[in-house]
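These values consider heavy atoms only, across backbone and side chains, with no hydrogens, waters or symmetry-generated copies. Just so we're on the same page: letters track the sequence lines, and every chain starts at 1.
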Amino acid sequence: MKKPEVKKMLSILKKEFPEPKSALNFSNPLELLIATILSAQSTDKIINEVTKELFRKYKKPEDYIKVPITQLEKDIKKTGFFHNKSKSLRGCCEKLINDFNGKVPDNLEDLVTLPGVGRKTANCVLGNYFGKPGIVVDTHVKRLSQRLGLTEQENPDKIEFDLMEIIPKKEWTDFSNRLILLGRKYCIARKPKCEECPLQKICPSAFNVEKK
DNA sequence: CTCCCGATAT
DNA sequence: ATATCAGGAG
């Protein structure tokens with residue numbers, strides 16, 4: 001996709017989703033961090049269901065450490081990968097307490113040192129809580145970037161850097177959220193609704209996907 | 001590259 | 001039955 005089309009794409013996205021907000025429910029940085037870690041290979045619907053109960057029980061990092069690990073596993077079971085995720089949550093909270101004064105760090109270098117936190121999760125927290133621009137390459141952003149011809153890459157980190165070149169920095173977070181919304185509403189993985197998609201005219205793969 | 005791993009749509 | 005869902009670690 002060439003530069004003029006990228007501009008067109010950004011303006012269409014802006015019109016379609018004027019106020020792109022995270023679909024995850026949270027009321028502080030710790031909650032956003034936890035919700036985002038849990039969101040791996042799970043739907044936001046399930047996550048919000050689970051965190052509703054979870055955040056009522058667990059308020060501070062200490063709360064995740066004082067319960068038996070089996071209890072924490074039970075509390076997040078529905079998100080899948082519960083064995084790994086419970087260990088991540090616990091390790092994460094221990095590190096927050098030991099190395100970061102109990103606070104969620106506000107920069108990428110520190111965030112990615114936390115267990116269960118990669119660039120996707122870190123950028124999500126930076127953008128959606130701290131107001132620091134970041135391209136969030138989740139499964140939607142990956143799929144849509146490829147379909148829209150914004151990248152030829154497979155590796156999420158490489159896709160992130162490709163998008164950083166194409167998209168103005170100020171819009172990194174909103175752009176990510178808008179692609180995610182578009183991916184959920186129209187550009188669905190299995191059965192994309194190209195005929196309803198606002199980007200249909202400028203999307204290189206609109207017809208192919210539909211006729212397949 | 002493989003494993004983790006429950007819930008839902010197709 | 002299988003693909004896919006707001007990925008990350010070994």
Both A:Arg190 and A:Lys77 contact DNA chain B. Taking the nearest nucleotide for each, which residue is further toward the 5' end?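 First, find each residue's nearest nucleotide; the 5'-ward one identifies A:Lys77.
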Return whichever of A:Lys45 or A:Lys85 has its heavy-atom-nearest nucleotide of DNA chain B closer to the 5' end.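 Mapping each residue to its closest nucleotide by heavy atoms, the 5'-most match is A:Lys85.
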Options [options], nucleotide nearest the side-chain atoms of [X]:
X: A:Thr121; options: C:dA6, C:dG7, B:dC5; answer: C:dG7
X: A:Cys124; options: B:dA7, C:dA6, C:dC5; answer: C:dA6
X: A:Asp44; options: C:dG7, B:dC4, C:dA6; answer: C:dA6
X: A:Phe82; options: B:dG6, C:dA6, C:dG7; answer: B:dG6
X: A:Ala40; options: C:dC5, C:dG7, C:dA6; answer: C:dG7
X: A:Ala23; options: C:dA6, C:dC5, B:dC5; answer: C:dA6

Lys/Arg cation over aromatic A:Phe82: A:Lys77, 6.0 Å, 45° cone: yes
Salt bridge (Lys or Arg N to Asp or Glu O under 4.0 Å) between A:Lys8 and A:Glu5, worked out: CA-CA 5 Å; A:Lys8 178 95 177 160; A:Glu5 290 173 291; over 6 Å; no
If I take atom [atom1] in residue [X] and atom [atom2] in nucleotide [N], what distance separates them, rounded to the nearest angstrom?
X: A:Arg178; N: C:dA6; atom1: CZ; atom2: P; value: 19 Å
X: A:Ile46; N: B:dA9; atom1: CD1; atom2: P; value: 10 Å
X: A:Lys142; N: C:dT4; atom1: NZ; atom2: C1'; value: 12 Å
X: A:Leu38; N: B:dC5; atom1: CG; atom2: P; value: 13 Å
X: A:Lys191; N: C:dC5; atom1: NZ; atom2: P; value: 16 Å
X: A:Leu111; N: C:dA9; atom1: CG; atom2: P; value: 12 Å
X: A:Gln41; N: B:dA9; atom1: CD; atom2: P; value: 17 Å
X: A:Arg184; N: B:dT8; atom1: CZ; atom2: P; value: 14 Å

Could you check whether A:Leu24 gets within reach of a base, just the sugar-phosphate, or nothing at all, counting any heavy atom under 4.0 Å?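 Result for A:Leu24 = base.
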Report which part of the nucleic acid A:Leu114 touches: base, sugar-phosphate, or nothing (heavy-atom distance under 4.0 Å, all strands).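 A:Leu114: backbone/sugar contact only, no base atoms under 4.0 Å.
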For C:dA9, does the base pair up with any side-chain atom of A:Ser88 as donor and acceptor (N or O, under 3.5 Å, distance only)? no
With a 4.0 Å limit, can you tell me whether [X] has a side-chain N or O closer than that to the phosphate oxygens OP1/OP2 of [N]?
X: A:Thr139; N: C:dC5; answer: yes
X: A:Arg143; N: C:dC5; answer: yes
X: A:His140; N: C:dA6; answer: yes

CD (A:Glu196) with more than 12 external heavy atoms under 6.0 Å: yes
Aromatic ring of A:Phe81 stacked on base six-ring of B:dC4, 5.5 Å, 30°: yes
Expressed as a whole number of Å, how far does the P atom of B:dT2 sit from that of C:dA6? 24 Å
What integer number of Å spans the C1' atoms of C:dA3 and B:dC5? 14 Å
Less than 4.5 Å apart, side chain to side chain, heavy atoms only: is that true for A:Met9 and A:Leu148?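 Yes; the side chains approach each other to less than 4.5 Å.
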Report the residue (A:Ile180 or A:Gly116) whose heavy-atom-nearest nucleotide on DNA chain C is the more 5′ of the two. A:Ile180
5′-ward residue of the pair A:Asn128/A:Pro115 relative to DNA chain C: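 In this pair, the answer is A:Asn128.
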Examine A:Leu181 and A:Leu150 and state if one hydrophobic cluster contains both, with Ile, Leu, Val, Met, Phe, Trp and Tyr joined whenever side-chain heavy atoms are less than 4.5 Å apart.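 In one cluster: yes.
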Check ion pair A:Lys57-A:Asp75 (N to O, under 4.0 angstrom):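 A salt bridge is present here (some side-chain N lies under 4.0 Å from a carboxylate O).
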Output yes when a side-chain donor or acceptor of A:Ser42 lies under 3.5 Å from a complementary backbone atom of A:Ser39, and no otherwise.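 Flag not set: sc A:Ser42 to bb A:Ser39 has no pair under 3.5 Å.
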